[in-house]
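Protein chains get the first letters and strands the later ones, always in sequence-line order, with residue 1 at the start of each. Every heavy atom of this structure was used, including side-chain atoms; hydrogens, water molecules and symmetry mates were not.
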Amino acid sequence: MKKTVSIKENKDFKRLYYRGKSVAAGCLVVYYRQNPYPFCRLGLTVSAKVGKAVVRNRVRRLIRESYRIMEDGVRKSMDIVVVARSSAAAADFRAVRASLSEAFLRAGLINGE
RNA sequence: CAAGUGAGCUAAACAGCCGCGGCGGCGCUGACGCGCCGGUGAGGAAAGUCCGAGCUUCGCAGGGCAGGGUGCCGGAGAAAUCCCGGUGGAGGCGACUCUAAGGAAAGUGCAACAGAAAUAAACCGCCGCGUUAUGCGGUAAGGAUGGAAAGGCGGGGCAAGAGCCCACCGGUCCCCGGGUAAUCGGGGACGCUAUGUAAACCCCACCCGAAGCAACACCGACAGGGGCAGCGAUUUGCCCGAUCCAUACCCCGAAGGGUGGCUUGAGCCGCGGGGAGACCCACGGCCUAGACAGAUGGCUGUUCAAGACAGAACUCGGCUUACCGGCUCAGUUGGGAA
RNA sequence: GCAUCCGUAGCUCAGCUGGAUAGAGCGUCAGACUCCGACUCUGAAGGCCGUGUGUUCGAAUCACAUCGGAUGCA
């Protein structure tokens with residue numbers, strides 16, 4: 001399996017917020033846009049509004065784990081940024097996974113088989 | 001048994017599958033990398049950044065002023081405002097806890113209201129003289145106000161009083177003794193002038209170059225332009241001194257990636273010894289995160305006391321704050337029984 | 001990593017330096033005016049001054065600690 005490539009540059013984030021499309025579901029917001037690479041790139045944004053360092057770390061791990069599970073079904077060559085809302089602080093893994101899959105489905109990033 | 005005080009320890013555990021960051025080994029590959037195996041992977045506060053250091057850099061760091069810090073004594077320690085022990089003071093029945101604790105006869109400022117008067121005294125009262133009366137003088141013992149009223153209390157003394165005189169207590173100074181010292185105990189001298197506030201300005205003593213791992217070093221890439229003997233630079237401010245100045249320095253622009261720094265250290269654990277303690281010494285053992293958008297997660301099952309506060313980012317020593325509980329030790333007070 | 005500022009009435013702020021009465025505007029409530037409402041006028045209520053400890057005779061003010069919020073530089 002390929003390793004998940006992450007978005008690191010601030011200008012990449014800025015471009016997605018500016019040019020990309022967005023879908024909100026549950027405790028998450030997903031921005032996505034076509035990229036020129038043959039793989040997907042994932043970026044995570046968990047701001048200080050969500051909580052303290054422990055809470056933010058936990059939210060990041062839950063999102064990353066949810067993405068890992070459904071990564072193989074995602075359309076290729078997409079830049080994806082997942083933004084956590086403040087309600088994500090209280091969510092468990094099942095709620096995060098449900099929110100992410102709903103957002104991906106509505107965005108057309110995965111097939112709703 | 002109940003209440004309370006102080007000190008310390010701990011911070012759910014186990015199994016299976018999938019997944020993540022370093023490290024080591026093996027294999028594949030021209031290389032970037034990829035795969036497999038092994039082992040390892042957050043805290044007592046990692047937090048706040050309130051102190052102190054190591055380390056690194058800065059045209060060398062020199063002086064003065066300003067500014068800041070500290071302020072009983074001794075010790076420990078690399079150092080510190082921390083820590084340990086003690087002295088004085090405050091609180092508590094007590095175990096014990098707290099304590100920015102130099103100087104108010106160097107100077108300045110402030111002290112509302114009340115009160116006659118607030119650093120200076122005569123409102124009432126008391127006494128003397130005089131008078132019809134108003135008054136003049138003496139007096140801080142009494143009244144009243146206040147946080148504070150010219151040391152307190154008793155006696156003598158006096159017209160009434162007053163350290164005016166005396167004893168005791170308090171204060172200051174000296175001597176003797178204990179203690180390394182702060183200081184304590186005893187004795188003597190001095191009638192005693194000195195309200196409080198220095199976390200008001202201040203005075204005295206001692207200390208302080210600055211910036212911080214995004215420091216900094218090296219490599220790679222790149223494109224240059226402007227200023228510069230002065231109103232320049234030399235790391236808080238001001239002045240002086242000293243030093244530097246064209247392959248230097250400053251400003252603007254471009255590029256903003258890699259490696260090191262980065263974890264062996266005032267290190268941790270065990271045992272023994274010294275000390276009242278902080279701590280120190282000897283011996284043995286161990287290597288225990290090192291990322292760079294930043295690694296510990298998910299699912300399933302079992303057990304229990306049902307899992308709090310909380311996530312390393314150069315590293316240590318302290319302090320402070322957050323915290324479900326559990327456990328251990330040592331004192332105290334009250335009650336009961338023997 | 002370093003540095004600075006701010007917490008006062010329901011809201012926005014004074015007052016702090018230089019200590020003794022907590023005040024202004026908007027809002028709220030009551031009354032007046034009006035047939036009714038708005039405007040206007042009059043009056044009232046509303047504060048443990050973020051928290052704790054200390055200094056002082058006395059603390060919103062001074063000092064220290066702490067909690068929360070905001071900002072700046074690298």
Side-chain angles (χ1 to χ4, degrees):
Chain A
M1 191 204 293
K2 286 209 147 185
K3 292 181 66 175
T4 301
V5 180
S6 60
I7 299 173
K8 298 174 180 176
E9 291 301 318
N10 191 31
K11 56 186 182 184
D12 292 337
F13 280 90
K14 288 270 175 59
R15 186 157 48 228
L16 255 82
Y17 295 145
Y18 218 63
R19 300 274 173 82
K21 298 175 180 176
S22 67
V23 162
C27 56
L28 302 174
V29 180
V30 173
Y31 291 81
Y32 58 99
R33 187 167 184 264
Q34 193 90 27
N35 71 11
Y37 310 106
F39 46 83
C40 286
R41 297 193 303 172
L42 176 69
L44 296 179
T45 296
V46 184
S47 73
K49 284 187 293 185
V50 177
K52 296 185 174 185
V54 173
V55 177
R56 295 201 305 271
N57 278 341
R58 172 153 184 86
V59 169
R60 260 195 293 271
R61 287 166 188 154
L62 294 178
I63 295 171
R64 201 175 287 137
E65 176 72 12
S66 306
Y67 177 80
R68 187 182 68 83
I69 289 173
M70 63 183 78
E71 185 175 17
D72 288 340
V74 176
R75 257 170 56 195
K76 303 301 179 202
S77 301
M78 297 298 288
D79 277 353
I80 301 167
V81 165
V82 181
V83 179
R85 289 173 160 171
S86 55
S87 63
D92 63 349
F93 173 70
R94 298 169 196 283
V96 171
R97 189 178 57 187
S99 299
L100 193 68
S101 64
E102 184 192 344
F104 277 16
L105 201 64
R106 295 225 311 259
L109 291 169
I110 58 174
N111 296 322
E113 86 272 14

| query | Can A/Phe104 and A/Val74 be said to form a side chain to side chain contact (heavy atoms under 4.5 Å, CB included), step by step? | reply | CA-CA 8 Å; A/Phe104 277 16; A/Val74 176; 4.0 Å; yes
| message | So, OP1 or OP2 of B/G298: does either fall under 4.0 Å of a side-chain N or O from A/Arg94? | response | no
| query | If anything within 90° of 0 is syn and all else is anti, what is B/G44? | reply | syn
| Per the atom types in the model, does the base of B/G311 pair as donor or acceptor with the side chain of A/Arg61 at under 3.5 Å? | yes
| task | Describe the nucleic acid contact of A/Arg58 in one word from base, sugar-phosphate, nothing, applying a heavy-atom distance below 4.0 Å. | result | sugar-phosphate
| Glycosidic class, syn or anti, of B/G102 using a 90° window around 0 | anti
| At what distance, to the nearest 0.5 angstrom, does CZ of A/Arg68 lie from CZ of A/Arg61? | 14.5 Å
| task | State, with a plain yes or no, whether a side-chain heavy atom of A/Leu100 is found less than 4.5 Å away from one of A/Leu28. | result | yes
| Of the listed nucleotides B/A312, B/A42, B/G297, the one nearest the side chain of A/Glu65 | B/G297
| message | What's the separation between atom CZ in A/Arg41 and atom CE in A/Met78, rounded to the nearest 0.5 Å? | response | 12.0 Å
| field | For B/C287, glycosidic torsion class - syn if within 90° of 0, otherwise anti | value | anti
| request: May I have the distance from A/Ile63 (atom CD1) to B/G298 (atom C1'), rounded to whole angstrom? | output: 14 Å
| query | Toward the 5' end of RNA chain B, which comes first, A/Val54 or A/Leu62, by nearest nucleotide? | reply | A/Leu62
